[in-house]
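The structure appears below as structure tokens.
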Amino acid sequence: TMPPKMEDLFEQIYLHDIRLFTCPVPGAKAATVELEGIYGIFLDPDQIRDSAEELCVVAHELGHCMTGSTHCLSSSLDLIERQEYRADKYAVHRVLPAKQIQQALHAGYTEIWQLAEYFNVTEPFLKRALDIYCREGYSFGSI
């Protein structure tokens with residue numbers, strides 16, 4: 001089976017009562033804000049190139065909401081990096097399960113660009129997924 005797509009992410013946003021806004025987000029493709037336990041995702045469609053990038057961006061922002069990993073703009077770089085990693089880890093596990101990467105490799109998709117195209121994600125997202133799974137002890141051979 002293929003990993004979740006946009007509809008699945010939007011369903012999670014709806015089920016968890018996360019507010020979703022499309023509007024300009026200066027300097028970013030998207031941002032997540034938490035106020036008194038309520039999360040809002042602000043998405044800037046004008047800065048998102050295609051469906052692959054949209055999937056990755058929304059999954060990452062949903063990761064901030066689902067893991068409670070938000071931070072103040074004035075937070076330390078170390079805290080920001082930890083919160084971004086937690087959001088990425090959620091997004092990767094949700095959109096690109098390790099088992100499905102293994103199955104794609106066995107099916108002959110062995111290049112980063114091939115895997116990214118196959119899963120409809122961006123190459124940086126795919127590389128981040130491989131990095132996260134590597135840290136968790138998975139091995140994908142020679143990619």
Would you call [X] and [Y] a side-chain contact if the rule is heavy atoms closer than 4.5 Å?
{"X": "Phe21", "Y": "Arg19", "value": "yes"}
{"X": "Glu34", "Y": "Ile38", "value": "no"}
{"X": "Asp46", "Y": "Pro24", "value": "no"}
{"X": "Thr32", "Y": "Cys65", "value": "yes"}
{"X": "Leu115", "Y": "Leu105", "value": "yes"}
{"X": "Gln100", "Y": "Tyr118", "value": "no"}
{"X": "Arg94", "Y": "Leu9", "value": "yes"}
{"X": "Phe125", "Y": "Val92", "value": "yes"}

Identify the heavy atoms of [X] and [Y] that sit nearest to each other, and give their distance.
{"X": "Glu53", "Y": "Asp50", "answer": "N-OD1, 2.9 Å"}
{"X": "Gln114", "Y": "Gly108", "answer": "OE1-O, 4.0 Å"}
{"X": "Val121", "Y": "Leu96", "answer": "CG2-CD1, 4.2 Å"}
{"X": "Glu123", "Y": "Ala116", "answer": "CG-CB, 3.8 Å"}
{"X": "Cys23", "Y": "Phe42", "answer": "SG-CD2, 3.7 Å"}

*So if you build clusters from Ile, Leu, Val, Met, Phe, Trp, Tyr with side-chain heavy-atom gaps below 4.5 Å, do Ile41 and Ile48 land together?*
yes
_Let me check something: do Val33 and Ile80 share a hydrophobic cluster, defined by ILVMFWY side-chain heavy atoms less than 4.5 Å apart, either directly or through other members?_
no
Could you grab the distance from atom [atom1] of [X] to atom [atom2] of [Y], nearest 0.5 Å is fine?
{"X": "Glu117", "Y": "Ile112", "atom1": "CD", "atom2": "CD1", "result": "13.0 Å"}
{"X": "Thr122", "Y": "Leu55", "atom1": "OG1", "atom2": "CG", "result": "9.0 Å"}
{"X": "Arg82", "Y": "Ser76", "atom1": "CZ", "atom2": "OG", "result": "6.5 Å"}
{"X": "Leu43", "Y": "Thr22", "atom1": "CG", "atom2": "OG1", "result": "7.0 Å"}
{"X": "Leu62", "Y": "Asp8", "atom1": "CG", "atom2": "CG", "result": "11.0 Å"}
{"X": "Ile132", "Y": "Glu136", "atom1": "CD1", "atom2": "CD", "result": "7.0 Å"}

*Could you tell me whether a side-chain N or O of Gln102 sits under 3.5 Å from a main-chain N or O of Ser139, the two making a donor and an acceptor?*
yes
*May I ask you to decide whether Asp131 forms a salt bridge with Arg135, counting only side-chain N to carboxylate O separations under 4.0 Å?*
yes
*Salt bridge between Asp44 and Lys29, side-chain N to carboxylate O under 4.0 Å?*
no
*asked:* For Val58 and Met6: C-alpha separation, side-chain torsions, deciding distance, then whether side-chain contact (heavy atoms from CB on, under 4.5 Å) applies.
replied: CA-CA 8 Å; Val58 171; Met6 280 311 301; 3.7 Å; yes
*What's the verdict on side-chain contact (heavy atoms from CB on, under 4.5 Å) for Tyr109 and Ile101, showing C-alpha distance, side-chain angles and the deciding distance?*
CA-CA 9 Å; Tyr109 297 91; Ile101 295 173; over 6 Å; no
*Take atom OH in Tyr138; do more than 12 heavy atoms of anything else shown fall under 6.0 Å from it?*
no
_Pair listing, side-chain hydrogen bond (donor to acceptor under 3.5 Å, both in side chains) test, anchored in residues 63-72, at least two apart_ = His60-His64, His64-Glu84, Thr67-Ser69, His71-Glu84
*Can Glu11 and His16 be said to form a side chain to side chain donor-acceptor pair (under 3.5 Å), step by step?*
CA-CA 9 Å; Glu11 184 180 358; His16 291 91; over 6 Å; no
